[in-house]
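In what follows, every heavy atom counts, from backbone to side chain, and hydrogens, waters and symmetry copies are set aside.
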Amino acid sequence: MRLLSFLVFIIFCATVLAIDTFVYRWDKEDHEIFDLVSAIEGSEGRGTTFYSWLDVPSTASTSEIAKAYRKLSIQLHPDKNPGNKKIAERFARLGVVSAILRNPASRKRYDFFYKNGVPKWRGTGYYYSRFRPGLGTVLTFLIILSSGMQYFIHRSNYKRDLRRIEDVVREARLAAWGPKMVPVEGQRKVKVNMRGRQRYDEDGNLIGGKTIDMVVSGNAVYVLDPDGDMHPVDSDTATPPTVRGTWFLALVHSAYSFSLNKIKGNHIEAQAVEDLEIDDGYDSTATGSDQAGSGTVTPQEAVVGGNRKPATKAGGKRRKAVRKR
């Protein structure tokens, strides 16, 4: 189920990116106009357009625009405004505006946004070229986006399941208590229609869909299995959405649990090997002749009770005694 949800999110994100790419396909010149419009509104005031800044109508001719540019450029020239740090940026910006409005193709492009408005969403290419996010930032954004979408979809499904449970419980109580919905003592076995396709039962009676066996005991409602087991039907039956249940956190938790179990397994295996060596006669605390000396080992044998004592090797390991036949 989680894998299916994850695939749905991937398809959805790919669809959104594809729509964004083909619908909002602004080119580099459009991006420059977007930046210029934002910069002018920031320095000259909100709602300021190229034409209003030059104080000319949108139908002004090229000569009128050039005349207005020369007039305003004299006012904004850095030599006329010493000590003003922002005047140079405004002066350079004015030159770009004049160049756009005096070029027929660029002016036509700007007039489109002048009449229709600059779009709020300017496409992923615009924001990517401005902010240049790294691979880690992009992956983090996609993880947060897909996990958030998964959570809200699960939340929607949870609410739908709660409504479905309420309907089933109400139908079961209605079948057990009657139209007046007066509770009765004891258990009552009823059949509840799950609103499937109509069919006929064994007696030829028309049933309005698939039915399930249920038991109503007081206010409690249970689903009755064919083997006689009863399962309660209430709000706890539905699985609530959790942030931990989103695909990325669930993947991290699974990887952590796998690594932890593997570490525990290696520790248990090492402990088992150590116990086996002890059972075979290895003694790490052996002293004297049992320890390695100058590099030569002289096996020693002793007869105890008529039996030969196993000789020792370097490191304290004992040879198993060979019984003579």
Side-chain angles (χ1 to χ4, degrees), residues 1-20 23-24 120-121 124 137-184 186-199 206-258:
M1 183 63 184
R2 290 177 178 174
L3 179 60
L4 179 61
S5 301
F6 175 67
L7 292 177
V8 171
F9 297 142
I10 294 299
I11 294 173
F12 177 80
C13 293
T15 304
V16 171
L17 292 176
I19 293 175
D20 176 79
V23 175
Y24 302 102
K120 299 297 182 182
W121 176 255
T124 54
T137 303
V138 173
L139 291 178
T140 302
F141 171 75
L142 292 177
I143 289 172
I144 294 175
L145 177 64
S146 59
S147 298
M149 291 171 55
Q150 181 184 12
Y151 176 82
F152 285 111
I153 290 177
H154 284 184
R155 183 179 178 83
S156 177
N157 293 338
Y158 175 67
K159 292 181 178 180
R160 182 197 60 190
D161 293 341
L162 288 179
R163 291 192 296 268
R164 181 59 176 160
I165 290 172
E166 291 177 357
D167 293 340
V168 172
V169 170
R170 184 172 58 253
E171 292 290 337
R173 289 173 178 172
L174 181 62
W177 298 345
K180 295 184 179 181
M181 297 291 286
V182 178
V184 296
Q187 294 183 349
R188 286 180 176 265
K189 180 180 177 181
V190 297
K191 288 185 177 293
V192 177
N193 182 14
M194 299 303 292
R195 299 178 183 177
R197 298 179 60 183
Q198 292 185 347
R199 62 187 181 87
L206 181 63
I207 301 177
K210 181 181 178 181
T211 61
I212 59 174
D213 293 330
M214 304 191 72
V215 174
V216 179
S217 178
N219 290 324
V221 178
Y222 303 89
V223 173
L224 182 63
D225 286 345
D227 55 3
D229 294 335
M230 295 193 305
H231 305 280
V233 179
D234 50 28
S235 59
D236 294 335
T237 306
T239 303
T242 59
V243 176
R244 185 178 177 180
T246 54
W247 72 270
F248 181 73
L249 294 182
L251 181 63
V252 172
H253 181 265
S254 299
Y256 173 76
S257 299
F258 176 79

Using a 3.5 Å cut-off and no angle test, enumerate the donor-acceptor pairs between side-chain atoms of residues 217-227 and protein atoms at least two apart in sequence or in another chain.
unit_1	atom_1	unit_2	atom_2	d
Asp225	OD2	His231	NE2	2.5
Asp227	OD1	Asp229	N	3.3

Can you measure from [atom1] ([X]) to [atom2] ([Y]) and round to the nearest 0.5 angstrom?
{"X": "Ser156", "Y": "Tyr151", "atom1": "OG", "atom2": "OH", "value": "12.0 Å"}
{"X": "Thr242", "Y": "Leu249", "atom1": "OG1", "atom2": "CG", "value": "9.0 Å"}
{"X": "Lys191", "Y": "Asp213", "atom1": "NZ", "atom2": "CG", "value": "3.5 Å"}
{"X": "Ile144", "Y": "Leu139", "atom1": "CD1", "atom2": "CG", "value": "11.0 Å"}

Task: Sequence-distant partners of Lys159, salt bridge (charged side-chain N to carboxylate O under 4.0 Å, His left out), two or more places apart - done: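 Scan of Lys159 (salt bridge (charged side-chain N to carboxylate O under 4.0 Å, His left out), adjacent residues dropped) gives none.
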Open item on the list: Using a 3.5 Å distance criterion without hydrogens, assess whether the side chain of Ser257 forms a donor-acceptor pair with backbone atoms of His253.
Closed with: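 Here the side-chain-to-backbone pair exists.
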Open item on the list: Between Thr246 and Val243 (side chain of the first, backbone of the second, donor and acceptor by atom type, cut-off under 3.5 Å), is there such a pair?
Closed with: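 Answer holds: yes.
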Heavy-atom pair of closest approach, residues [X] and [Y]:
{"X": "Trp247", "Y": "Ser147", "result": "NE1-OG, 3.6 Å"}
{"X": "Ala176", "Y": "Arg188", "result": "O-CD, 3.4 Å"}
{"X": "Ala238", "Y": "Pro240", "result": "O-CD, 3.4 Å"}
{"X": "Ala250", "Y": "Gly245", "result": "CB-O, 4.3 Å"}
{"X": "Met181", "Y": "Leu174", "result": "SD-CA, 3.6 Å"}

Open item on the list: Looking at Arg170 and Asp167, is there a salt bridge between them, counting it only when a charged N and a carboxylate O are closer than 4.0 Å?
Closed with: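 Between Arg170 and Asp167 there is a salt bridge, with a charged N closer than 4.0 Å to a carboxylate O.
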Open item on the list: As a quick check of understanding, evaluate side-chain contact (heavy atoms from CB on, under 4.5 Å) for Trp177 and Val184, giving each step before the final call.
Closed with: CA-CA 7 Å; Trp177 298 345; Val184 296; 3.7 Å; yes
Task: Sequence-distant partners of Thr237, side chain to side chain contact (heavy atoms under 4.5 Å, CB included), two or more places apart - done: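 Side chain to side chain contact (heavy atoms under 4.5 Å, CB included) list for Thr237, sorted by chain: Ile165, Asp234.
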